[in-house]
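Quick notes on the structure that follows.
None of the values given here were measured: they were computed from a predicted structure. Below, read A as the first sequence line, B as the second, and so on, with proteins coming before strands; counting in each chain starts at 1.
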Number of protein chains: 2
Amino acid sequence: MPDDFTFATLLKISAELESAEIGKVIHCKSIQIGFVSDTIVANSLMSMYGFSMKWVREVVARVHKVFNEIAIHSVYLEEPDKSIVLTWNKGDPLPPRKAFVIAFLNGKSNLMIIDLESDQITSHEIYQGSGYPMLTFDDMRFATQAPLTNPEFIKIIAERGVRLSDLTCSPLAVGWYGENEEGRRLVKVQCYSNEGTINFYMRPIEGLTVTVDVDNREILRISHTGRGIPIPAATDTDYRHVAKNKPEEMMKPLNPISIEQPKGPSFSVEGHMVRWANWEFHLKPDPRAGVIISRAVVHDSNTGRTKRVMYKGFSSELFVPYMDPAEAWYFKTYMDAGEYGMGLTAMSLVPLNDCPRNAYYMDGVFTATDGKPYVQSNMMCVFERYAGDIGWRHSETPISGMEIREARPKVTLVVRMAASVGNYDYILDWEFQTDGLIRVKVGLSGMLMVKGTHLQNLNQMEKAERDAMTGPLVSENVIGVVHDHYVTFHLDMDIDGADNSFVKVNLEKEETSPGESPRKSYLKVKREVAQTEKEAQVKLKLYDPAEFHVVNHGKRSRLGNPAGYKVVPGGTAASLLDHTDPPQFRASFTNNQIWVTPYNKSEQWAGGLLVWQSKGEDTLAVWSERDRPIDNKDIVLWYTLGFHHIPCQEDFPIMPTVSSSFDLKPVNFFEKNPILRSSPNVEEDLPFCRATASV
Amino acid sequence: MPDDFTFATLLKISAELESAEIGKVIHCKSIQIGFVSDTIVANSLMSMYGFSMKWVREVVARVHKVFNEIAIHSVYLEEPDKSIVLTWNKGDPLPPRKAFVIAFLNGKSNLMIIDLESDQITSHEIYQGSGYPMLTFDDMRFATQAPLTNPEFIKIIAERGVRLSDLTCSPLAVGWYGENEEGRRLVKVQCYSNEGTINFYMRPIEGLTVTVDVDNREILRISHTGRGIPIPAATDTDYRHVAKNKPEEMMKPLNPISIEQPKGPSFSVEGHMVRWANWEFHLKPDPRAGVIISRAVVHDSNTGRTKRVMYKGFSSELFVPYMDPAEAWYFKTYMDAGEYGMGLTAMSLVPLNDCPRNAYYMDGVFTATDGKPYVQSNMMCVFERYAGDIGWRHSETPISGMEIREARPKVTLVVRMAASVGNYDYILDWEFQTDGLIRVKVGLSGMLMVKGTHLQNLNQMEKAERDAMTGPLVSENVIGVVHDHYVTFHLDMDIDGADNSFVKVNLEKEETSPGESPRKSYLKVKREVAQTEKEAQVKLKLYDPAEFHVVNHGKRSRLGNPAGYKVVPGGTAASLLDHTDPPQFRASFTNNQIWVTPYNKSEQWAGGLLVWQSKGEDTLAVWSERDRPIDNKDIVLWYTLGFHHIPCQEDFPIMPTVSSSFDLKPVNFFEKNPILRSSPNVEEDLPFCRATASV
């Protein structure tokens, strides 16, 4: 967080903005401007979120008279009701703006709603459920520093041959495993040696775990099971381009290559509204979800109508269980969105490398513990992608005697962010296609969470030693522990309106009757409308195939087909953990790949509102068990993307990106191919380029 | 085939080439050059395939003295034994070059091997199995024209209100359904009206099937079950850019966008050898498979060693069953590679639209019925792709106190072809990544195979009518019949050598013992080496997950991990047809998603050598049942990519591309991340571009 960006600066900026024009195009390039545009947007409903946070801070301070003791963990916009948002038109008076604040005081989570007009706290509830809010930066700093002054810890570190000055420590979520994880906020701290490398993750001080009580500011327990396990070497773990130990590059270097748009991008950004080709949507940074896409509508080039597709879509929760039951590992069953925040951990993207040259960047604005806003600059990027792919094509062969060669290039719009949750990097892409398809892609990179071992080579090992390993050897003394990743998306689909239904379009094998046909079997489509939530709990089966449609039975095409979108799974994985295992129970939203719930403003976070040390009594699975009616209602689709990750040497010291994705694809949403009339590329339109050097 | 390109031209060109330098870089831009380069390459082992076909024609003619009666269906290179190819070094004398010829004479398929040195037929076999070779262009032309002079057919066409002059007819494979499909080569002909549109596929004359015997040149049967079914309208079915009926474009047009490489591509093409970054492979057009990638090796930037990855990879067979048991539809269960040829149907790619501006094009050279060679120009393209993706990345958050922002752009090399098998277009991509990954992607576009109906609107229908439909209504009077696509790939992996093993790396749920850990369950890796073929017959299961590795136990990393590659399935589908249903029996290679067979030169085509009307006694499934040993042997991996296609209105009148893919990914094949040292993009390297207009 930039130091020069104080509360005073904020007040000054806000003052200057009194007369600012609503919805004015502002490019978020610098910190100040980034914040300005956010403030402006906050003043228009278009944002649906965000607002200047000074009020929040003032109000909380005045009301509680305890400003110095209270810790503000999160400040969100308290969203206006969906009905208000949907009926609001440009020019109408704005609905009352409210803030939802999660603050921590005297060991309790305070949930407050603050009316920004009247400057009053209109609702104040002490949270009674299990679980705590995301730790603040101060909490984490305390936790990671506390061990450094502890004599026992200092002694162990010395035994392990590491200098205190070479330590880098991580504040780890403890999960929930019974009474030990109740009644106070706990952090488990594990440390690494950064001697000789910035890639400390590859140098774990294995088997040393310090449990810290951040409420009472004390160390509860130091567990040391790693005595004698060497610290893996630093050799060649530094991945930075500037790293001195860079060996000769033995790969033929590639000539420069770039996506070029000499006439500029085809999209516009007004505040947080993005408009491109036939798409229009609101793009919002969020401290917890990272990126929120809302009010996505598409313009139907056949009918000229603009139709609603998705009211709100975002990554609601992640679940990352490691597969090692040992003392120093069993608790590593993270829920990254609710425990660390996908937005809070999304650092500035690297121009030309994280996003192409033609990208536009957008900042995030979040709150610090003391309620002060700060800016995460270049937290998201938006760019048009041309990958050489084909939108549609057909040629005729000599048989028909027609000389036809028609093809159209595929150009898409990508919204990207990358969260660095400790060692791991999650690249989240929302890709919009002109044919109406939305592809949601998750890429994994960054560092493995590795385990130190005395083992160096499989050949020296006894079978027993090999069998005891909880993952492959990825370097000398380094085990890449097997783990899973699950990313659960909240997809509030509003297909051409709010009242939708979830339809399982099954493909079932039919046998022909004797004499009916030389064929014995064929597949038949059987449509099944889910009446209640339980009927929409889906486990994917290769040999029991179905399409999964969200349709609007009230909006039919000229042929009578209901307007719909289907969710198209890509390569995925399912959690095999025992349903009664504490981590799986807390992450029971991964028990199915697909769920459908009736829209409920309070059901946004699949793992519950507060998940740090939560028991799992407030998850998507629990809501779904209520088995509410979902036919012809405002419904929310939930999809979970999964990865099993068995590491390999190629993942050391940093992982080449591995990706998986799913699609939201129109089904009879358009009357016909919506890109039938798109234009082909012609040479005259393409840019004239030369190597910059020659300029 | 270009008329001016005669046998004489060929002789002339060949003469001029006597002194041509071997392996010289020649860019295949025009027909002549295209053929020339092919001839040159034919003279070097590098090609492994191809040769000037004049000899073949001469030899066959001389030996049989029946040149005018004999039909040459296919001419392939008779590949030298793998051992010879692998031990050959540049400069060594070339091994004897031989041609494998499939010719048809007196109702029999003749399989001949011709020695091109001695000009002798060294082997000549009359094929005894079921099935016939791909039809020749002449066969198909005869079949589609025969009905036009048949009085009964003419009468029916008149009844259906179509002018003979407006007919376009398709020669359809008949499959095998018993004695009716034995003893003679049959074609089923169905026709469309092209009145008012070039997109005749959307105007079927439903329920009219003419069965033609192309051996005895006679019409066997005319089946007309479609009496009274209207021909769907031509309105707005034309997809061409030049189409007059183009309505106003209602979509915001996109600004020009292009992949630019001002310093040119980073790959080189010598004859058919492609070299890029750390990759080197042979690229070969094939009349049946389309594209064959062979002898793919990768340069290990860590060790400096060049390692073998894949000896040969190609799409061996396709299976496309339609799900309609009716008289006019039941037989539509195509095997496109063996029946029509993915190469023979791959027309010229459209520059700037099928492939980006920076693409390099390569021609195909095939044989006509009379043995004359002809050129399929621009049949394949090769280009570098930069899609704005990330090779690897990591940022540090403020917690660690380190200011790290590192990312690398992902640039890949794509080899593409697009086969137009009648109505359907198959886009085949082989994508090579610098991290060692190979992505094989199949895209579907072109036209649906649709069924005419009197139905126009779901709302008017009785339930019985709706239930009887074999697919959704995609336009007035047009049903998009449900169907599947299966593409089975032959992947002769040679992971750092020939002797490999297939290992199922299972992830199994383990329960902890009481008191062992607060965790109840976790996943454990269990490696299972397949000893015989049956142990390598794999059906994918989401809840019984595994990785599928091809490893070389004789080549281990410094840590003792065997060098390996894994096949990573993407979104896929499985065939649910009855295993005893004739089409599924012929396509029993789709009974599993993964198979492994010991290398056998004769086992290249998953559906058998000759598949037109084949019974299915020579398929991958039959070979695999022999259950031969496969551990530590030269093995071939077979993977089937599947699609279920339930059409929708967006697929009318031409389908936006739908893609699926699978990956071949290194696993402990490299000692560490092979792109650790790749360079980031920097502004100075990127091109300087402006709109061409402004030049």
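- The candidate with the highest count of non-hydrogen atom pairs below 4.5 Å against chain B, out of A:P653, A:S400, A:S517, A:A387, is A:A387.
- Heavy atoms closer than 4.5 Å to chain B are found in the backbone of A:A573, but not in its side chain.
- Options B:P265, B:P321, B:P325 differ in how many heavy-atom pairs under 4.5 Å they form with chain A, and the most are formed by B:P325.
- Residue contact with chain B, scored on non-hydrogen atoms closer than 4.5 Å, involves the backbone and the side chain of A:V667 alike.
- With contacts defined as side-chain heavy-atom distances shorter than 4.5 Å, the pair B:R677/A:D236 qualifies.
- Contacts with chain A were tallied for B:G443, B:G388, B:G571; B:G388 has the most, counting heavy-atom pairs under 4.5 Å.
- Residues B:M323 and A:R519 form a side-chain contact, since some pair of their non-hydrogen atoms from C-beta on lies under 4.5 Å apart.
- Of all heavy-atom pairs between A:D425 and B:S395, the closest is OD2-N, 3.2 Å.
- When each of A:D484, A:I427, A:T144, A:T512 is checked for heavy-atom pairs under 4.5 Å with chain B, A:I427 comes out on top.
- For chain A, the nearby parts of B:T572 are the backbone and the side chain; heavy atoms of each come within less than 4.5 Å.
- Counting all heavy atoms, side chain and backbone alike, A:G264 lies closest to B:N255 at O-ND2, 2.9 Å.
- For the atom pair B:L523 CG and A:T470 OG1, the distance stands at 11.5 Å (nearest 0.5 Å).
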Using side-chain contact (heavy atoms from CB on, under 4.5 Å), reason through B:L542 and A:K539 one step at a time and then give a plain yes or no. CA-CA 9 Å; B:L542 184 63; A:K539 290 180 176 63; 5.9 Å; no
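- Using a 4.5 Å cut-off between heavy atoms, A:V682 contacts chain B through its backbone alone, with no side-chain atom that close.
- Of all heavy-atom pairs spanning B:P687 and A:E260, the tightest one is CG-OE2, 3.7 Å.
- When each of A:G560, A:P518, A:P409 is checked for heavy-atom pairs under 4.5 Å with chain B, A:P518 comes out on top.
- With a 4.5 Å cut-off on side-chain heavy atoms, A:M347 and B:E396 do not count as touching.
- Between B:W392 and A:I654, the shortest heavy-atom contact is CE3-CD1, 3.3 Å.
- At a 4.5 Å heavy-atom cutoff, the contact between A:P583 and chain B is made by side-chain atoms alone.
- The shortest heavy-atom contact between B:R393 and A:S348 is NH2-O, 4.4 Å.
- Annotation: maximal heavy-atom pairing with chain A below 4.5 Å, among B:L254, B:T345, B:L437, B:V350, occurs at B:L254.
- In terms of modelled atom types and a separation under 3.5 Å, the side chain of A:N681 and the main chain of B:N353 share no donor-acceptor contact.
- In this structure, A:N668 CG and B:C648 SG are separated by 5.5 Å, a value rounded to the nearest 0.5 Å.
- For the atom pair NZ (A:K672) and CZ (B:F652), the distance works out to 9.0 Å, reported to the nearest 0.5 Å.
- Only the side chain of A:I404 comes within contact range of chain B, with at least one heavy atom under 4.5 Å from a heavy atom of that chain.
- For chain B, the nearby part of A:T168 is the side chain; its heavy atoms alone come within less than 4.5 Å.
- Looking at B:D389, both its backbone and its side chain come within 4.5 Å of chain A, counting heavy atoms on both sides.
- A:L559 places a side-chain heavy atom less than 4.5 Å from the side chain of B:E476.
- Contact of B:P171 with chain A is made through the side chain alone, with heavy-atom distances under 4.5 Å.
- You'll find the side chain of B:H394 stays beyond 4.5 Å of the side chain of A:M655, heavy atoms only.
- Heavy atoms of B:P582 lying under 4.5 Å from chain A belong exclusively to its side chain.
- Taking both residues in full, the closest heavy atoms of A:S678 and B:H241 are given as O-ND1, 4.5 Å, listed atom of the first, atom of the second, then distance.
- When heavy atoms are compared at a cutoff of 4.5 Å, A:F200 approaches chain B solely by way of its side chain, counted from C-beta outward.
- With respect to chain A, the highest number of heavy-atom pairs below 4.5 Å among B:S445, B:S521, B:S420 belongs to B:S521.
- Among B:I257, B:L458, B:I198, the residue making the largest number of heavy-atom pairs under 4.5 Å with chain A is B:I257.
- A 4.5 Å side-chain heavy-atom check between B:P545 and A:L576 finds at least one atom pair inside the cut-off.
- Counting only N and O atoms by type, the side chains of B:T580 and A:K520 include a donor and acceptor under 3.5 Å apart.
- Only the side chain of A:K410 comes within less than 4.5 Å of a heavy atom of chain B; its backbone N, CA, C and O stay farther away.
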_Walk me through whether B:R405 and A:D354 qualify under salt bridge (Lys or Arg N to Asp or Glu O under 4.0 Å)._
CA-CA 10 Å; B:R405 306 279 182 269; A:D354 273 329; over 6 Å; no
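- Here NZ of A:K263 is found 13.5 Å from SG of B:C689. Values are rounded to the nearest 0.5 Å.
- Contact of A:E511 with chain B is made through the side chain alone, with heavy-atom distances under 4.5 Å.
- Contact count versus chain A (heavy atoms, under 4.5 Å) is highest, among B:M140, B:E547, B:E384, for B:E547.
- Contacts between A:F383 and chain B at a heavy-atom distance below 4.5 Å involve the side chain alone, from C-beta outward.
- In terms of heavy-atom pairs under 4.5 angstrom with chain B, the leader among A:I646, A:D651, A:V411, A:V414 is A:I646.
- At a 4.5 Å heavy-atom cutoff, the contact between A:Q456 and chain B is made by backbone atoms alone.
- Contacts of A:M402 with chain B are made by side-chain atoms alone, with heavy-atom separations under 4.5 Å and no backbone atom involved.
- When side chains are defined from C-beta on, A:P656 counts as touching B:N673, because their heavy atoms get closer than 4.5 Å.
- B:Y177 touches chain A through its side chain: at least one heavy atom from C-beta onward sits under 4.5 Å away, while N, CA, C and O do not.
- Taking the side chain as every heavy atom from C-beta outward, B:P674 and A:Q649 never approach each other to under 4.5 Å.
- Atoms CZ and CG, from B:R558 and A:N459 in turn, are 13.0 Å apart once rounded to the nearest 0.5 Å.
- Proximity to chain B is limited to the side chain of A:D435, based on heavy atoms less than 4.5 angstrom apart.
- Summarising the geometry, atom NE2 belonging to A:H644 is positioned 6.0 Å from atom CG belonging to B:L507; distances are rounded to the nearest 0.5 Å.
- Options A:A326, A:C355, A:A418 differ in how many heavy-atom pairs under 4.5 Å they form with chain B, and the most are formed by A:A418.
- For B:Y386, the parts sitting under 4.5 Å from any heavy atom of chain A are the backbone and the side chain alike.
- Your options are A:S475, A:P569, A:P472, and the one with the most heavy-atom pairs under 4.5 Å with chain B is A:S475.
- Proximity to chain B (any heavy atom under 4.5 Å) is restricted, for A:R556, to the side chain, taken from C-beta onward.
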